[in-house]
Every structure is written in C-alpha cells, then in structure tokens.
Protein chains: 2
Amino acid sequence: MGNGIDDGDRAVWDAFFAMQMDFWRHLSRILQTETGLSEPDYAILLALRDAPGGRLRAYQLSEVTDFEKSRLHHHLRRMSVRGLLTRESEADDPRAAVAAITPEGTAAITAAVPKREEHIRRWLLDALDDGQKAALTDISEAVLRGLKDKTASAE
Amino acid sequence: MGNGIDDGDRAVWDAFFAMQMDFWRHLSRILQTETGLSEPDYAILLALRDAPGGRLRAYQLSEVTDFEKSRLHHHLRRMSVRGLLTRESEADDPRAAVAAITPEGTAAITAAVPKREEHIRRWLLDALDDGQKAALTDISEAVLRGLKDKTASAE
DNA sequence: GCCCCCGGGTTGACGTATCAACTCGGAGGT
DNA sequence: ACCTCCGAGTTGATACGTCAACCCGGGGGC
C-alpha cells in the first residue's frame with residue numbers, strides 16, 4: 001500500500017478518465033440542445049413513460065432512476081414548473097407524493113428517445129467493434145460488481 | 001437511420017451507463033470525505049503542483065484541466081477563499097490572471113494523491129485483469145477518437 | 001394504549017456547471 | 001495614428017447535486 005500506480009495502469013486511467021469527461025460532456029450537451037432536456041429530465045421522463053398510467057410515487061421513481069430523494073424532489077419541482085409533469089397526492093395515503101407525466105412531458109420524451117438512441121449509436125457503439133462492445137460490457141459489470149461488494153464487505 | 005438499438009447494443013449501453021454513474025459517484029464521494037477536496041479541486045491542485053513555481057496563468061490552467069474559462073474562474077475564486085491558492089496578476093501584463101498554489105494547497109494535494117491512487121486501484125484497476133485493462137484503454141481511445149473527429153468532420 | 005422508531009418526503013444552504021453578455025488591452029492592417 | 005478585431009478574463013443568472021436537518025404519520029414492542 002502507499003506505492004503508486006505503474007505506467008501501464010496510469011495509461012489505462014488516463015485514457016478512461018479523458019474519455020469519460022469528453023463523452024459525457026458531449027452527450028449531455030447535444031441532448032440539451034436537440035431536445036431541450038437535461039440528463040436527469042430524460043431519466044425521469046423515461047421512467048414515467050414506462051410506468052402504468054404515467055404515474056409513480058417518489059420513492060419508486062427514486063429506485064428506478066437511482067436519484068437520492070432530495071435530488072429527486074428538487075428536480076421534480078423544477079420539472080413541474082416547466083409543465084413536464086404534475087405532482088399529486090393520493091387520497092388514501094396522505095404521505096404519498098406522486099409524479100404524473102403530462103402530455104407535454106410525453107411529447108418531449110417521445111421526440112427525445114430516437115435522438116438519444118442515435119447519439120448513443122453514433123458516439124459510442126459505432127466507435128467500437130463487436131469484441132470491444134463485449135469487452136466493455138464485461139468491464140462495466142466487473143467494476144459494478146466491485147462497487148456493490150463494498151457495502152457487503154466489512155467496513 | 002431512425003431505427004432503434006438492438007438488444008445486444010442496449011446491454012452494452014445499460015452496463016456502461018450504470019457503471020459510470022456508480023463509479024463516479026463513489027470516487028468523488030470518497031475523495032471528498034477522505035481529503036476534503038472535490039474532483040475539480042483535485043484537478044486544479046494537481047496541475048498547479050506540476051507547474052514551475054506552482055503558478056499558471058488562467059488560460060494555461062484551462063488547457064491542462066479542460067475547464068471552460070468561466071467554470072475555471074468561478075472555481076479559482078472559491079478555492080482562493082479556502083486558502084488553497086492565491087490569485088495574482090503579472091506586473092508586465094495587466095491582463096494576466098495567475099493562480100499560485102499556497103502551502104495549504106500543496107499540503108492538501110500531497111496528502112490527497114496517494115489516497116486518490118488507492119481509490120483508482122481499488123475500485124477500477126483491481127476489478128480488471130490485464131486483458132480487460134488493455135481493452136479499456138483501446139475502447140477509451142476509440143471513443144475519444146470518434147469525439148475528436150466530430151469537429152474535423154463536416155457538420 | 002402508549003411510546004418510540006422508521007421511512008417517505010420536504011426544505012434550505014451551499015458547492016458546482018453552463019451559458020450569455022460584457023470589459024479591456026493589445027496586435028495588425030491600412 | 002486610428003480602428004478594428006480578438007482573446008483573456010469577469011460577471012450574473014440559472015440549473016444541477018449533495019448534505020444535514022427536519023416533519024409527520026404509521027407500526028411494533030411492551
């Protein structure tokens with residue numbers, strides 16, 4: 001422990017780091033300019049579009065999108081101001097906070113999905129051959145597995 | 001064009017997307033809690049540490065860190081309030097805005113680097129075998145190449 | 001039945017990122 | 001010498017993310 005990272009590993013990190021920055025900057029930028037939606041807008045509208053009745057309780061939306069409850073709350077407020085969704089409460093459970101997609105929200109996500117898919121294809125998938133795609137999936141799952149274990153392992 | 005993404009490609013994207021979110025959330029979180037530095041703090045201090053005299057003009061810092069000038073300006077202001085660096089101007093060029101690392105800034109980055117390297121090793125490199133590391137470098141460079149071409153290609 | 005705890009939700013404060021508009025002092029062309 | 005343009009830097013507005021603290025209405029243990 002305490003010793004550094006060797007040159008080979010550093011090259012991996014540098015490439016990965018640089019790619020991440022540029023890739024996400026570009027993807028969120030073109031999503032915004034072409035659809036008027038931010039990344040969190042897109043994630044939330046997609047979850048609501050796929051939910052029965054276009055409605056989800058806050059904690060369910062939080063599970064699907066993996067947003068912290070506070071982050072989700074703030075974002076839902078901003079989105080409701082823009083008319084993309086409405087915030088309602090259930091009559092039978094006063095604690096429930098339900099988000100419901102509006103026609104404008106539906107229109108926005110319907111228009112955005114094909115563009116988003118083209119972005120993903122063009123800037124990620126088309127840059128990789130089949131072997132690289134398979135490797136990227138494996139790598140992503142391996143890293144994810146390591147992260148999941150952190151809570152399970154002793155600490 | 002306009003058709004969707006097939007199931008195999010979607011699996012690549014889903015895994016990649018999930019990994020990104022969790023990985024960066026975790027890395028920036030532990031950096032913050034263990035060192036008191038945010039990701040941009042770390043990037044800026046590292047650049048200044050490696051600069052001659054611990055000083056760099058704003059536009060040079062902008063090139064090294066790839067921060068937009070406005071983002072950089074706001075961040076330097078916050079960091080100077082915290083005492084991590086000072087903002088000076090050159091006598092011979094009134095336009096120059098120079099950032100200079102302070103002893104506190106040097107102490108912070110010196111303490112942070114080994115922790116950061118351990119994070120990178122533990123949460124990324126140790127999760128991958130040699131083949132996966134090589135593949136990740138290739139993939140990152142391929143994606144990066146595609147992004148660089150965007151400005152060069154017709155649009 | 002009472003009490004305590006817990007989870008869903010809300011709020012405010014603060015740090016961070018992006019965009020657009022603006023200042024200002026040179027450098028170059030004429 | 002003048003004028004124009006340009007690039008470095010600054011500013012303010014707005015959106016986004018995180019943390020800590022808090023409210024509030026059940027449920028469960030007893």
Side-chain angles (χ1 to χ4, degrees), chain A residues 20-45 55-85 87-99, chain B residues 20-45 55-85 87-99:
Chain A
Q20 299 265 326
M21 294 297 105
D22 284 19
F23 180 77
W24 287 110
R25 179 143 50 212
H26 185 61
L27 234 72
S28 55
R29 191 175 174 63
I30 60 183
L31 182 66
Q32 179 72 53
T33 59
E34 292 184 19
T35 72
L37 299 177
S38 65
E39 295 282 347
D41 293 339
Y42 187 87
I44 287 171
L45 289 179
R55 300 162 51 84
L56 279 178
R57 280 194 53 175
Y59 79 94
Q60 297 174 308
L61 206 39
S62 167
E63 286 167 4
V64 175
T65 59
D66 198 29
F67 285 17
E68 304 278 345
K69 61 184 180 178
S70 171
R71 176 185 178 190
L72 180 64
H73 179 81
H74 290 312
H75 209 83
L76 290 178
R77 178 174 39 72
R78 288 189 293 261
M79 290 178 75
S80 75
V81 169
R82 291 196 284 150
L84 296 170
L85 51 82
R87 297 164 63 64
E88 307 170 355
S89 35
E90 294 293 348
D92 58 340
D93 188 345
R95 291 176 298 173
V98 176
Chain B
Q20 301 264 323
M21 294 297 106
D22 283 19
F23 181 77
W24 287 110
R25 178 146 48 216
H26 185 61
L27 233 71
S28 54
R29 192 180 174 66
I30 60 183
L31 182 67
Q32 179 72 52
T33 59
E34 292 184 18
T35 72
L37 299 177
S38 66
E39 295 281 348
D41 293 339
Y42 187 88
I44 288 172
L45 289 179
R55 300 162 51 83
L56 278 178
R57 281 197 51 177
Y59 80 93
Q60 296 173 310
L61 205 39
S62 167
E63 287 167 5
V64 175
T65 60
D66 198 29
F67 284 17
E68 304 279 343
K69 61 184 180 178
S70 173
R71 176 185 177 191
L72 180 62
H73 178 83
H74 288 312
H75 209 83
L76 290 178
R77 178 174 39 71
R78 289 189 294 263
M79 289 178 77
S80 75
V81 170
R82 289 196 283 153
L84 296 170
L85 51 83
R87 316 192 69 219
E88 308 169 356
S89 34
E90 295 291 348
D92 59 340
D93 188 346
R95 289 177 299 175
V98 177

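Letters A, B, ... mirror the listed sequences (proteins, then strands); counts begin at 1.
- A/R29 comes within contact range of the sugar-phosphate backbone alone, with a heavy-atom separation under 4.0 Å but no base atom that close.
- Within the 4.0 angstrom heavy-atom criterion, no nucleotide atom of any strand lies near B/R77.
- With the nearest nucleotide of DNA chain D identified for both A/P40 and B/H73, B/H73 has the one nearer the 5' end.
- The nearest whole Å value for the distance from the CZ atom in A/R82 to the C1' atom in D/dA15 is 9 Å.
- The side chain of B/S70 sits closest to C/dT18 out of C/dG9, C/dG15, C/dT18.
- Of the possible polar contacts, one joining the A/S62 side chain to the A/F67 backbone as a donor-acceptor pair under 3.5 Å is found.
- Rounded to a whole Å, the NE2 atom of A/H74 is 12 Å from the P atom of D/dC19.
- Rounding to whole angstrom units, CD of residue A/E68 and P of D/dC16 are separated by 17 Å.
- Minimum atom distance to the side chain of B/R71 is reached by C/dT18, of the listed D/dG9, C/dT16, C/dT18.
- Nucleic acid contact for A/R57: sugar-phosphate only, since backbone atoms but no base atoms lie under 4.0 Å from a heavy atom of the residue.
- For the residue pair B/R78/B/H75, the side-chain donor-acceptor check at 3.5 Å is satisfied.
- For A/E88, the CD atom is densely surrounded, since the number of other residues' heavy atoms within 6.0 Å is greater than 12.
- To the nearest angstrom, P of C/dG8 lies 15 Å from CG of A/L76.
- Put simply, CZ on A/F67 is 18 Å from P on C/dG8, counting in whole angstrom units.
- Each of C/dT10, C/dG8, D/dT11 was ranked by its minimum atom distance to the side chain of A/R87; first place goes to C/dT10.
- Put simply, CZ on B/R95 is 11 Å from P on D/dG7, counting in whole angstrom units.
- Taking only side-chain atoms of B/K69, from C-beta outward, the nucleotide of D/dG9, D/dA20, C/dG9 with the closest atom is D/dG9.
- Checking D/dC16, C/dT16, C/dA20 against the side-chain heavy atoms of A/D41 singles out D/dC16 as nearest.
- Going from atom NE2 of B/H75 over to atom C1' of C/dG15 covers 9 Å, rounded to whole Å.
- For the residue pair A/R77 / A/H74, a side-chain donor-acceptor distance below 3.5 Å is found, with atom types taken as modelled.
- Rounded to whole Å, the distance from CG on B/D66 to C1' on C/dA17 is 13 Å.
- Within 4.0 Å (heavy atoms only), B/S38 reaches sugar-phosphate atoms of the nucleic acid but no base atom.
- A search for salt bridge (charged side-chain N to carboxylate O under 4.0 Å, His left out) contacts involving B/R57 returns B/D93, not counting sequence neighbours.
- Nearer the 5' end of DNA chain C, as judged by each residue's closest nucleotide, is the contact made by A/A96, out of A/A96 and A/S28.
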